[in-house]
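Computed from a predicted model, the values in this text were never measured in an experiment. In this chain, residues are counted from 1 in sequence order.
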Amino acid sequence: MTGWERISLERTGGFAGTPLRVQVGADEPDADRWNGLLAGVDLEELDEAPVDPAGADRFTYELRVWTGGGVHAVRYGERSLPEQVRPLVQELLAHARGGDATPGR
C-alpha cells in the first residue's frame, strides 16, 4: 500500500487502563519501514471488519491511516485484531515505547 500520509494507533484498556498513543508520518526518515508493514494491509477490507466488544482488562486498539483519499479508522478488541494488521500494530507499539519489535534488528 502506498500513498499514506499518517498512521496513528491508540491502545486503551488493559489492567492499568493507561492509554498508549503513537503516530508516524510518511515524511519521517523511517517511512520505508511503515511502507513495508502497510503493504500487506487492505484498508478497504479493514473498514468493513466487525468490531468485537471490549472485555474487562482487555486492550482495545484504534488504528487510523490517512491517505490522499481520506482516513481509514478501525477499532478492534485484542481478540479480534486481524492477522494482517498484527505486525503493524506490534511495530507501532514498539515505536511508541522507543524500541523495535522486529527480532534481529
Side-chain angles (χ1 to χ4, degrees):
M1 191 242 133
T2 59
W4 65 278
E5 298 166 1
R6 188 171 33 153
I7 306 167
S8 72
L9 178 71
E10 181 176 12
R11 186 188 73 186
T12 55
F15 182 71
T18 305
L20 186 128
R21 295 176 185 92
V22 62
Q23 182 170 287
V24 296
D27 58 348
E28 294 181 19
D30 61 349
D32 286 342
R33 172 185 185 184
W34 309 112
N35 281 333
L37 290 163
L38 277 174
V41 176
D42 182 341
L43 294 176
E44 300 300 325
E45 183 180 311
L46 291 181
D47 286 344
E48 299 170 6
V51 177
D52 70 334
D57 299 332
R58 299 218 182 267
F59 290 118
T60 300
Y61 301 92
E62 185 168 339
L63 177 67
R64 293 177 187 263
V65 180
W66 284 263
T67 65
V71 63
H72 299 270
V74 291
R75 173 177 253 139
Y76 299 107
E78 67 181 89
R79 289 185 174 178
S80 67
L81 193 64
E83 283 301 317
Q84 68 170 311
V85 297
R86 279 184 194 277
L88 175 62
V89 167
Q90 289 171 342
E91 288 285 335
L92 286 166
L93 292 172
H95 186 73
R97 294 182 190 113
D100 193 336
T102 306
R105 273 201 199 168

>> I'd like to check L92 versus L63 (side-chain heavy atoms, cut-off strictly below 4.5 Å). Are they in contact?
In response: yes
> Rounded to the nearest 0.5 Å, how far does CD of E91 lie from CD1 of I7?
Replying inline: 11.0 Å
> W34 and L88: side-chain contact (heavy atoms from CB on, under 4.5 Å), yes or no, with the steps?
Replying inline: CA-CA 8 Å; W34 309 112; L88 175 62; 4.0 Å; yes
> Does the side chain of V24 reach to within under 4.5 Å of the side chain of R33, using non-hydrogen atoms?
Replying inline: no
> Under the side-chain hydrogen bond (donor to acceptor under 3.5 Å, both in side chains) test, which residues partner Q84, sequence neighbours left out?
Replying inline: E45
> How long is the span from the OG1 atom in T12 to the CZ atom in R75, to the nearest 0.5 Å?
Replying inline: 5.5 Å
> Nearest heavy-atom pair of E78 and F59: which atoms, and what distance?
Replying inline: OE1-N, 2.6 Å
>> For the CG atom of D30 and the CG atom of N35, what is their distance to the nearest 0.5 Å?
In response: 10.0 Å
Name every donor-acceptor pair, under 3.5 Å, that has one atom in a side chain of residues 15-23 and the other anywhere in the protein, sequence neighbours excluded.
unit_1 : atom_1 : unit_2 : atom_2 : d
R21    : NE     : E10    : OE2    : 3.1
R21    : NH2    : E10    : OE2    : 3.0

> Shortest non-hydrogen contact from V41 to L37?
Replying inline: CG2-O, 3.6 Å
> Does R86 use its side chain to pair, donor to acceptor, with the backbone of L81 at less than 3.5 Å?
Replying inline: yes
> Which atom pair, heavy atoms only, marks the closest approach of A26 to A31?
Replying inline: O-CB, 3.3 Å
